[in-house]
2 protein chains.
Amino acid sequence: MPHDITPPRQETRIQARNRATIREAALQVFSKYGFRGSTLDQIAAEAGLSKPNLLYYFRSKDAIYAELLSSLLETWLDPLKEMRPDGDPVEEIMGYVRRKLRMSQEFPRESRLFANEILQGAPHIGAELSGNLKRLVDEKCTVIRGWARDGKIADIHPHHLIFSIWSLTQHYADFDVQVRAVLGEEDPFDGAEAYLTQVFHQTLKV
Amino acid sequence: MPHDITPPRQETRIQARNRATIREAALQVFSKYGFRGSTLDQIAAEAGLSKPNLLYYFRSKDAIYAELLSSLLETWLDPLKEMRPDGDPVEEIMGYVRRKLRMSQEFPRESRLFANEILQGAPHIGAELSGNLKRLVDEKCTVIRGWARDGKIADIHPHHLIFSIWSLTQHYADFDVQVRAVLGEEDPFDGAEAYLTQVFHQTLKV
DNA sequence: GTCTATAGTCTGATAGAC
DNA sequence: GTCTATCAGACTATAGAC
């Protein structure tokens with residue numbers, strides 16, 4: 001008769017917590033300085049751990065960054081996936097705009113992490129861009145093109161419509177410092193939602 | 001009787017050329033990796049000069065970066081300054097959009113340099129943003145608000161209108177890699193001009 | 001003006017005690 | 001699992017020969 005069966009415990013609670021702490025600290029640092037501009041010292045200090053302890057949980061600086069990026073890419077594309085071909089065209093697109101703007105408001109560091117990666121030429125996720133991302137975007141563009149052909153929305157270039165949604169929403173996260181410097185006391189996101197609603201309603205109107 | 005008067009020659013032609021070469025190389029590198037992520041080795045290699053020679057022309061890494069940023073800031077704001085209060089409102093704004101898009105096309109590295117600086121919290125030009133930039137933008141917003149009050153353009157939030165112009169045009173420079181990955185063969189700027197014209201005409205229409 | 005050599009610091013990663 | 005100590009390499013900047 002066998003001993004008590006010990007399940008192959010992959011990760012203790014402490015391990016999970018520490019890995020989460022490191023990811024959080026790494027997001028904070030990488031999103032600000034990009035991969036090359038960030039140091040393990042900064043991340044360790046931010047996490048309240050020693051540098052060797054960091055490397056006990058992650059094999060290398062690159063490993064932390066890679067895990068962050070790939071785990072976030074999914075989250076980042078979810079709002080677009082939610083766009084349904086059988087819904088009301090204008091409402092589906094406006095819903096996407098609102099979800100994307102909310103993500104910029106709630107997860108500005110994630111937005112800046114991607115912005116940094118793309119700015120530097122997307123060395124870690126270049127393949128993902130011309131692979132999964134392009135596939136998803138092309139698919140949604142077919143849907144949008146169909147809506148335009150049926151006269152449900154204005155006749156616009158679907159790819160550029162999507163670029164404009166990315167650009168306008170992410171701007172409030174990525175250029176936060178500039179937006180706030182120019183606006184002064186006024187809250188950026190209050191005005192942003194109203195303005196973007198106005199812009200896209202006008203743009204989509206037949 | 002005095003000797004031949006030697007004018008206080010501030011800079012020889014060779015010096016001017018070398019400094020220009022360094023600025024060009026620095027722009028290439030800094031725009032890609034940001035200040036912290038760039039190294040003098042990279043810039044020296046790009047310029048075809050030795051590292052000590054770089055530091056003969058510029059006191060420090062910081063000095064190169066600072067000179068680049070401040071000399072470009074002017075160029076970057078020019079298109080907005082050209083917007084005339086006494087012109088046709090829609091044409092003035094559309095002209096600004098076109099000038100800004102052309103700058104993204106012709107000077108993508110300059111755009112990415114600023115993007116990197118802002119992403120990292122604008123440590124070198126933070127004061128400029130809430131000073132000169134805010135002043136200029138506020139002034140133009142007063143003009144735009146006047147146009148809206150007179151019924152010449154739609155009633156929109158002027159600050160967010162300007163943010164949207166920055167965001168939509170700079171996106172094609174800053175996220176160039178992503179845009180091209182998604183578009184495939186198609187040239188981004190061909191479609192961009194048509195799309196942006198459409199968007200802003202609709203948005204400004206009374 | 002441009003080079004080689006190098007000082008002094010920072011960086012990613014490892015070794016080994018506890 | 002976490003620490004101190006430390007390595008090898010990269011980094012900014014300077015010294016000094018030519």
Side-chain angles (χ1 to χ4, degrees), chain A residues 6-69 113 116-117 120 123-124, chain B residues 6-69 113 116-117 120 123-124:
Chain A
T6 348
R9 205 187 303 170
Q10 292 184 345
E11 206 176 43
T12 69
R13 279 191 301 275
I14 283 190
Q15 281 173 331
R17 193 169 53 80
N18 275 342
R19 288 181 68 92
T21 305
I22 293 170
R23 268 193 296 267
E24 161 68 22
L27 175 60
Q28 184 73 21
V29 176
F30 281 136
S31 68
K32 196 159 181 183
Y33 300 107
F35 180 72
R36 292 218 35 187
S38 303
T39 72
L40 288 180
D41 277 303
Q42 290 176 288
I43 300 174
E46 184 74 34
L49 295 170
S50 71
K51 198 162 44 163
N53 204 3
L54 229 70
L55 293 162
Y56 169 78
Y57 287 100
F58 291 87
R59 126 180 21 262
S60 67
K61 178 187 176 183
D62 215 285
I64 309 179
Y65 185 73
E67 184 173 315
L68 259 190
L69 258 190
L113 185 79
N116 257 310
E117 168 72 8
Q120 304 185 10
H124 292 78
Chain B
T6 347
R9 207 187 303 168
Q10 293 183 345
E11 204 174 45
T12 69
R13 278 192 301 276
I14 284 191
Q15 281 173 332
R17 193 169 52 79
N18 275 341
R19 288 181 67 93
T21 304
I22 294 170
R23 268 194 295 269
E24 161 67 21
L27 175 60
Q28 184 73 21
V29 176
F30 280 137
S31 69
K32 196 158 182 185
Y33 300 106
F35 179 72
R36 292 218 34 188
S38 303
T39 72
L40 288 180
D41 276 301
Q42 290 176 289
I43 300 173
E46 184 75 34
L49 295 171
S50 71
K51 199 162 40 162
N53 206 1
L54 231 69
L55 293 163
Y56 168 80
Y57 287 100
F58 290 88
R59 132 183 13 266
S60 67
K61 178 186 176 183
D62 215 286
I64 309 178
Y65 186 73
E67 184 172 315
L68 258 190
L69 258 191
L113 186 79
N116 256 310
E117 167 72 7
Q120 303 185 10
H124 292 78

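Every chain is numbered from 1, with letters handed out A, B, ... down the list of sequences.
B:Asp62 and B:His124 get closest at one heavy-atom pair: OD1-NE2, 3.6 Å. Heavy-atom minimum distance, B:Thr39 versus B:Gln42: N-OE1, 3.0 Å. What you find for A:Gln120 and B:Lys32 is that their closest heavy atoms are CG-O, 3.0 Å. Minimum heavy-atom separation, B:Ser50 to B:Ala44: C-CB, 4.1 Å. Between B:Ile64 and B:Ala26, the shortest heavy-atom distance links the atoms CG2-CB, 3.5 Å. Closest approach of A:Ser38 and A:Tyr33 over heavy atoms only: OG-CB, 3.5 Å.
Residues B:Asn53 and B:Ile22 are not in side-chain contact: their nearest non-hydrogen atoms beyond the backbone lie 4.5 Å or more apart. For the pair A:Phe30 and A:Glu117, the minimum side-chain heavy-atom distance is 4.5 Å or more.
Remark: B:Asn18 is in phosphate contact with C:dT2, judged by side-chain N or O atoms under 4.0 Å from OP1 or OP2. In terms of phosphate contacts, A:Tyr56 brings a side-chain nitrogen or oxygen within less than 4.0 Å of OP1 or OP2 of D:dG1. Between A:Thr12 and D:dG1 there is a side-chain polar atom (N or O) within less than 4.0 angstrom of OP1 or OP2. Close to C:dT2, at under 4.0 Å from its OP1 or OP2, lies a side-chain N or O of B:Tyr57. The side chain of A:Ser50 places no N or O atom within less than 4.0 Å of a non-bridging phosphate oxygen (OP1 or OP2) of D:dT2.
Atom pair A:Leu54:CG and D:dT4:P shows a separation of 14 Å (rounding to whole Å applied). Distance A:Lys61 NZ to C:dC10 C1': 12 Å, rounded to the nearest Å. Counting to the nearest Å, the C1' atom of C:dG1 and the CZ atom of B:Arg13 are 16 Å from each other. Whole-Å rounding puts the B:Asn53 CG to D:dA15 P distance at 17 Å. As rounded to whole Å, 19 Å separates atom P of C:dG16 from atom NZ of A:Lys51. Rounded to whole Å, atom P of C:dG12 lies 11 Å from atom CG of A:Asp62. The nearest whole Å value for the distance from the CD1 atom in A:Ile43 to the P atom in C:dA13 is 10 Å. One atom, CD1 of A:Ile64, and another, P of C:dT11, lie 15 Å apart when rounded to the nearest Å.
Within residues 31-42 of chain B, the residues approached by DNA chain D to less than 4.0 Å at the level of any non-hydrogen atom are B:Ser38, B:Thr39, B:Leu40, B:Asp41, in residue-number order.
Comparing D:dT14, C:dA13, D:dT12 against the side chain of B:Pro52 picks out D:dT14 as the nearest. Side-chain proximity of B:Leu55 to the nucleotides D:dA13, C:dG1, D:dT2 is greatest for D:dA13.
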Toss me the dot-bracket line for DNA chain C: Watson-Crick and G-U wobble, both under 3.5 Å, 5' to 3', using | for pairs to another strand and [ ] for crossers. ||||||||||||||||||

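For A:Arg19 (side chain) and A:Tyr57 (main-chain N/O), a donor-acceptor pair under 3.5 Å exists by modelled atom type.
Across all strands, A:Phe58 comes closer than 4.0 Å to no nucleic acid atom at all (heavy-atom distances).
For A:Lys61 and A:Phe35, the positive end sits near the middle of the six-membered ring, less than 6.0 Å away and at most 45° from its axis.
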